[in-house]
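Have a look at the structure below before the remarks.
Excluded from the calculations below are hydrogen atoms, water molecules and symmetry mates; all remaining heavy atoms, backbone and side chain alike, are included. Just so it is clear, the model here is predicted, and its values are computed rather than measured.
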Amino acid sequence: MFARLAAVRSRSPAESPFFIAALGVLMSFGPMGTDMYLPGMPAIGRELHAGQDQVQWTLSAFFLGFGVGQLLWGALSDRFGRRIPVATGILLYAVGCVGCSLTVDVGHLAAWRFVQAVGACAGPVLVRAMIRDVFERDRAASVLSMMMLVMGAAPIIAPLIGGQILVWANWRWIFWAQAAFGAVAMLALASLPETHPESRRTSLRPMVLAESYRKLLTDRRYLGYAIGSSFIYAGMFAFISGSPFVYIELFGVRPENYGFLFGLNIVGMIIVNTLNSRAVMRFGSDMMLRIGVWLSAASGILLVACVMGGWGGLWGLVGCLFLFMSLTGFCFANSMAGALQSFPQMAGTASALAGMLQFSSGAVSGWAVGLMADGTAMPMAAVIGGGALVGLALNLWLIRPFRRRLPAAT
């Protein structure tokens, strides 16, 4: 087996059939760390005697750790390469899983979720850097979309696994299942080559890091991509945070069936990512991103109107959420490809800062949904719609799409 792994690593990443598949596994830490335990959130609240807002702290703690931790791994990867930081992150993630499974109160659960997330975020942030190491801009956006198809099974499978675990055991076993995923991710990492050569590695000296972040935070287009997409992420995380309570407690959906409703959105995201991976090579990532933010804002407004009017009950809500979540497939890959384009020499740092902004916005949006919780779907819908509108405004203000010349007709 080790000889086969060495043979795979020796091939050019762009040519290896295992490259995108392995990256998809590492990219799946986000949905595996969040979506698997979503069906158990009401049960966690009952066993630990915590309200909805307190249980949602555990999700916000994960988002916060997932965002802040990326700054650490991004800097380390630009100095030491991609593979060693990812391996270290997987081990830290496993420690957090064990801590979550043994906790006895919601405060300690939130703390262990933070530890778990700091380790888990090493995979996604460095996957994006690896793609930038290997591919140019529009091809990177296409590969990111294709990779999201590979990892698209995770958000579908994860809540289904969590729901079925609750049928046979308690919520603590969900975190043991997450630890088992860490072992799978370590095997996937073993098949990957190092994509960041020593000749391109940067220093960890504070002044060098400070200069790197100064360049990023003063670049208009980078801020447009990174901060603009973070508000779309805020809407997505508002759905992740609020939907277990809306579906299970408000509409009476059984926990083991929650994963099916959640999975509908992932199917939509897979379809749109497939369209994006093809269209981006013709029209460019900027144009596809502009289309995506306009459509996301429109779907967010429709969602708020649906909830206010009570149109269609559960299935009206499911339909509007399906539309919004699907359209994010035009936003995330294109915004990340744009953010990394101008900074190939510090792709890890640029990816980390963008990821930190995205997941920090997710932590805030999850906290906001819990804070405004009133037994209806309006807090979740309001955060989704508001985030989409702000994301559109930032895109229009900060990013001026490049005009691409289409091939002349022959």
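- Summarising the geometry, atom CH2 belonging to Trp112 is positioned 11.0 Å from atom SG belonging to Cys97; distances are rounded to the nearest 0.5 Å.
- For the atom pair CG (Leu394) and CD1 (Ile399), the distance works out to 8.5 Å, reported to the nearest 0.5 Å.
- Other residues, nucleotides and ligands place no more than 12 heavy atoms under 6.0 Å from the CD1 atom of Ile84.
- Residues Ser361 and Ser230 come closest through the heavy atom pair OG-O, 2.7 Å.
- Side-chain atoms of Phe283 and Ile291, non-hydrogen and from C-beta on, never get closer than 4.5 Å to each other.
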Salt bridge (charged side-chain N to carboxylate O under 4.0 Å, His left out) between Asp219 and Arg214, intermediate numbers included | CA-CA 9 Å; Asp219 186 278; Arg214 186 198 65 79; over 6 Å; no
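- The two residues Gly329 and Asn273 have their closest heavy-atom pair at O-OD1, 3.5 Å.
- Taking all atoms of both residues into account, the shortest heavy-atom contact from Ala238 to Val369 is CB-CG2, 3.8 Å.
- When only modelled atom types and interatomic distance are considered, Ser241 and Gln56 share a side-chain donor-acceptor pair under 3.5 Å.
- Side-chain atoms of Ser60 come within 3.5 Å of backbone N or O of Trp367 as a donor-acceptor pair.
- Under the 4.5 Å side-chain criterion, counting only non-hydrogen atoms from C-beta, Phe332 is in contact with Ile232.
- Between the Tyr93 side chain and the Cys121 main chain, no donor and acceptor come within less than 3.5 Å of each other.
- When atom types are taken as modelled, the side chain of Asn395 and the backbone of Arg290 share no donor-acceptor pair closer than 3.5 angstrom.
- A ring-centre distance under 6.0 Å is not found for Phe29 and Phe66.
- The aromatic rings of Phe237 and Phe63 lie tilted to each other, with the angle between the two planes from 30° to 60°.
- Checking side-chain atoms of Ser365 against main-chain N and O of Ala234 turns up a donor-acceptor pair under 3.5 Å.
- Using a 4.5 Å heavy-atom cutoff, the side chains of Val95 and Leu91 are not in contact.
- The shortest distance between side-chain heavy atoms of Thr58 and Ile44 does not fall below 4.5 Å.
- Proximity of Leu92 to Gln116: side-chain heavy atoms (C-beta onward) are nowhere separated by under 4.5 Å.
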When you look at Leu303 and Leu317, which way does the side-chain contact (heavy atoms from CB on, under 4.5 Å) test go after all the steps?
-> CA-CA 7 Å; Leu303 171 63; Leu317 179 66; 3.7 Å; yes
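- In terms of heavy atoms, Gly268 sits closest to Ser326 at CA-OG, 3.1 Å.
- Between the side chains of Asn276 and Asn334, a donor-acceptor pair is found at a separation under 3.5 Å.
- In terms of heavy atoms, Tyr222 sits closest to Ala350 at OH-O, 2.6 Å.
- If you look at Phe239 and Phe262, their ring centroids are closer than 6.0 Å.
- For the 3.5 Å distance criterion, the side chains of Ser243 and Tyr258 qualify, holding a donor opposite an acceptor.
- In this structure, the separation between OH on Tyr37 and CZ on Phe62 is 8.5 Å, given to the nearest 0.5 Å.
- When all heavy atoms are compared, the tightest approach of Val104 to Arg172 is CA-NH2, 4.4 Å.
- By the salt bridge (Lys or Arg N to Asp or Glu O under 4.0 Å) test, Glu249 is found to be paired with no residue, residues two or more places apart in sequence or in another chain being considered.
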Do Phe245 and Leu250 pass the side-chain contact (heavy atoms from CB on, under 4.5 Å) test, and can you show the C-alpha distance, the side-chain angles, and the key distance before you say yes or no?
-> CA-CA 7 Å; Phe245 296 95; Leu250 179 60; over 6 Å; no
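- Taken to the nearest 0.5 Å, the CG atom of Leu289 stands 9.0 Å off from the OG atom of Ser296.
- To the nearest 0.5 Å, atoms CG (Leu38) and CD1 (Ile248) are separated by 8.5 Å.
- Between the side chain of Arg113 and the main chain of Gly33, a donor-acceptor pair closer than 3.5 Å is present.
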Please assess Leu166 against Ile174 for the test side-chain contact (heavy atoms from CB on, under 4.5 Å), listing each intermediate value before the final yes or no.
-> CA-CA 8 Å; Leu166 292 173; Ile174 293 175; 4.3 Å; yes
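- No side-chain heavy atom of Met372 sits under 4.5 Å from any side-chain heavy atom of Met380.
- Side chain of Gln54 to main chain of Gly45: no donor-acceptor pair is present (N/O by atom type, distance under 3.5 Å, no hydrogens or angles).
- Considering only heavy atoms from C-beta on, Asn170 stays 4.5 Å or farther from Ile165 through its side chain.
- The distance from the CG atom of Leu396 to the CG atom of Leu398 is 9.5 Å, given to the nearest 0.5 Å.
- Counting heavy atoms from C-beta outward, Arg83 and Val86 have side chains that stay 4.5 Å or more apart.
- Using modelled atom types, one side-chain atom of Ser229 and one backbone atom of Ala226 make a donor-acceptor pair closer than 3.5 Å.
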Working for side-chain contact (heavy atoms from CB on, under 4.5 Å), residues Arg221 and Asp286 | CA-CA 11 Å; Arg221 290 182 66 85; Asp286 278 346; 2.7 Å; yes
